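Following: one structure in structure tokens, then a few remarks.
Letters A, B, ... are given to chains in the order of the sequence lines, protein chains preceding strands, and every chain is numbered from 1. These numbers come from the heavy atoms of this one structure, side chains and all, not from hydrogens, waters or symmetry mates. Note that the coordinates shown come from a computational prediction; the quantities given were computed from them, not determined experimentally.
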Number of protein chains: 2
Amino acid sequence: MTTDSPAGKSPPPGKRADARRNRETVLAAAAEVFVTSGVDAPIRQIAARAGVGMATIYRHFPTRADLVTAVYRHQIEACAEAGPNLLASADSPFDALREWIDLFVAFLVTKHGLADALQSDNDRFAALHDYFLDRLLPVCAELLEAAVEAGDIRPGTQPYELMRGIGNLCIGRDNDPRYDPRRLIALLLQGLRQPHAS
Amino acid sequence: MTTDSPAGKSPPPGKRADARRNRETVLAAAAEVFVTSGVDAPIRQIAARAGVGMATIYRHFPTRADLVTAVYRHQIEACAEAGPNLLASADSPFDALREWIDLFVAFLVTKHGLADALQSDNDRFAALHDYFLDRLLPVCAELLEAAVEAGDIRPGTQPYELMRGIGNLCIGRDNDPRYDPRRLIALLLQGLRQPHAS
DNA sequence: AAGTGAAGCGGAGCGATGCTCCACTTAGTA
DNA sequence: TACTAAGTGGAGCATCGCTCCGCTTCACTT
């Protein structure tokens, strides 16, 4: 189960050449469509852009979450891998946490509708939610724990709650000058901060 | 425009008796359906429950936002009116703000899908978003300002940003024991807090 | 090069939903 | 009672998710 079938995985080499080609075509088309129409774009639209039938998309990516996951897989991986690096390079665990959250937020806000989809109670996106959690929750937990141990922030915050809260704050129409999730997230981090014990 | 037609308004008395009766029937049916199926429930379902045709619903409530607004109007009003009262009765402006936010959150989390709808970029809900803002933003602004003047919280936070952030934090599947928006909101308020000037 | 079987493909089609249109019904009045 | 306009209901159209199945094409064998 966990080893060979879920979500996007890299192109399985055991498939026929035309199938592999189509998979890439669909991925490219989906990426383009997601930019303009959001991750909720009609499958028909993606199929049309890719010049394939809808069934082809459903065959390669059984659920919408699988497609979205495959499109953004590289960026999610990059975010996950940045965690330990930041912890090593930043001035403090708290700074590492803050910078990592910056990365996460930057990713979310540039993908139209991604944050919405992540938290939507729509079953279509459940697998996407799970994938984010599988990949990023441990990273967040590690950063959080390091910051707690360093005495930078107060203990007791659950990584899941923090990540979901951040995700939630990123929801909504893009480019509204009156609302910048980063400001609220900065406030949240401020509230998390431990007054340094003397 | 602003004076007589938008959103739900109280039952216009100039209508025919059966029309007024139907309006109430629809409102009651919608309230029931919203509880079980969320504010996104199919119009057909509400119409069936009310025993009327779909057109009847659309005639009384041209957009979904109008229907939702009408259903929750009383509670929104109550929340708006509680603001000044809390400011008068609480120990400090900051406490008043906190208690008011508690009220707001309690309202949001008990209405399945309401918070989602509020922030959704779906045009169907734009009027609902506007109504919330029209009614509650001034109240929030007043509380915020009072807390700033009392030196309880740091200045510079925009009421719109705060309200939308709180709304966003309330989004998602209900009753997830791993996620309680109140905890994060408490953190947010903590971050807002001004270390009391000596 | 031709043959063959299975992997892969496309799009018609079904069900759900939002919303509209218009022939029919009914409340209120004369 | 008869009339008329306000009110009503649901058929109908469009969109979208997802499936099903007959046709096409690849890759391998001889």
Side-chain angles (χ1 to χ4, degrees), chain A residues 4-5 11-30 33-34 36-70 113 116-117 120-128, chain B residues 5 11-30 33-34 36-69 113 116-117 120-128:
Chain A
D4 65 44
S5 88
K15 300 300 178 117
R16 247 167 58 172
D18 56 342
R20 252 176 292 141
R21 212 176 321 127
N22 265 337
R23 189 182 190 279
E24 294 309 311
T25 307
V26 167
L27 234 29
V33 171
F34 285 171
T36 57
S37 306
V39 296
D40 242 331
I43 294 289
R44 272 172 174 75
Q45 189 180 337
I46 300 171
R49 166 85 73 137
V52 304
M54 283 184 302
T56 300
I57 295 184
Y58 280 110
R59 196 170 310 105
H60 286 292
F61 309 99
T63 75
R64 186 176 218 90
D66 294 326
L67 179 56
V68 177
T69 302
D116 307 55
S120 125
D121 50 6
N122 193 324
D123 291 341
R124 273 188 308 164
F125 288 114
L128 180 62
Chain B
S5 89
K15 299 302 177 110
R16 245 167 60 172
D18 57 341
R20 253 176 291 143
R21 212 177 321 128
N22 265 338
R23 189 183 190 278
E24 294 309 310
T25 307
V26 167
L27 234 29
V33 170
F34 286 170
T36 57
S37 306
V39 296
D40 242 329
I43 294 289
R44 273 174 174 77
Q45 190 180 337
I46 300 170
R49 166 83 73 136
V52 304
M54 283 183 302
T56 299
I57 295 184
Y58 280 109
R59 195 170 313 104
H60 287 291
F61 309 99
T63 75
R64 187 177 217 89
D66 294 326
L67 179 56
V68 176
T69 302
D116 307 57
S120 126
D121 49 7
N122 193 323
D123 291 340
R124 273 187 307 163
F125 288 114
L128 180 62

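- Residues B:Thr69 and B:Asp66 bring no donor and acceptor atom of their side chains to less than 3.5 Å of each other.
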In B/S/- notation, 5' to 3', how is nucleotides 10-19 of chain C contacted by protein heavy atoms closer than 4.0 Å? BBBB---BBB
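- Here the CZ atom belonging to B:Arg44 is positioned 11.0 Å from the CD1 atom belonging to B:Ile57, to the nearest 0.5 angstrom.
- Minimum heavy-atom separation, A:Ala29 to A:Ala50: CB-CB, 3.5 Å.
- Separating the NZ atom in A:Lys15 from the CZ atom in A:Arg21 is a distance of 15.0 Å, to the nearest 0.5 Å.
- With rounding to the nearest 0.5 angstrom, the CZ atom of A:Arg59 is 13.5 Å from the CZ atom of A:Arg23.
- Atom CG of B:Asp40 and atom CZ of B:Phe125 lie 4.5 Å apart (nearest 0.5 Å).
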Nucleotide-resolved protein contact map, nucleotides 22-29 of chain D, B/S/- at heavy-atom distance under 4.0 Å: ---BBS--
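- At least one side-chain nitrogen or oxygen of A:His60 sits closer than 4.0 Å to the OP1 or OP2 atom of C:dC9.
- For B:Ser37, the side chain to side chain donor-acceptor pair (under 3.5 Å) criterion is met by B:Gln45, not counting sequence neighbours.
- Summarising the geometry, atom OG1 belonging to B:Thr25 is positioned 10.5 Å from atom CG belonging to B:Asp18; distances are rounded to the nearest 0.5 Å.
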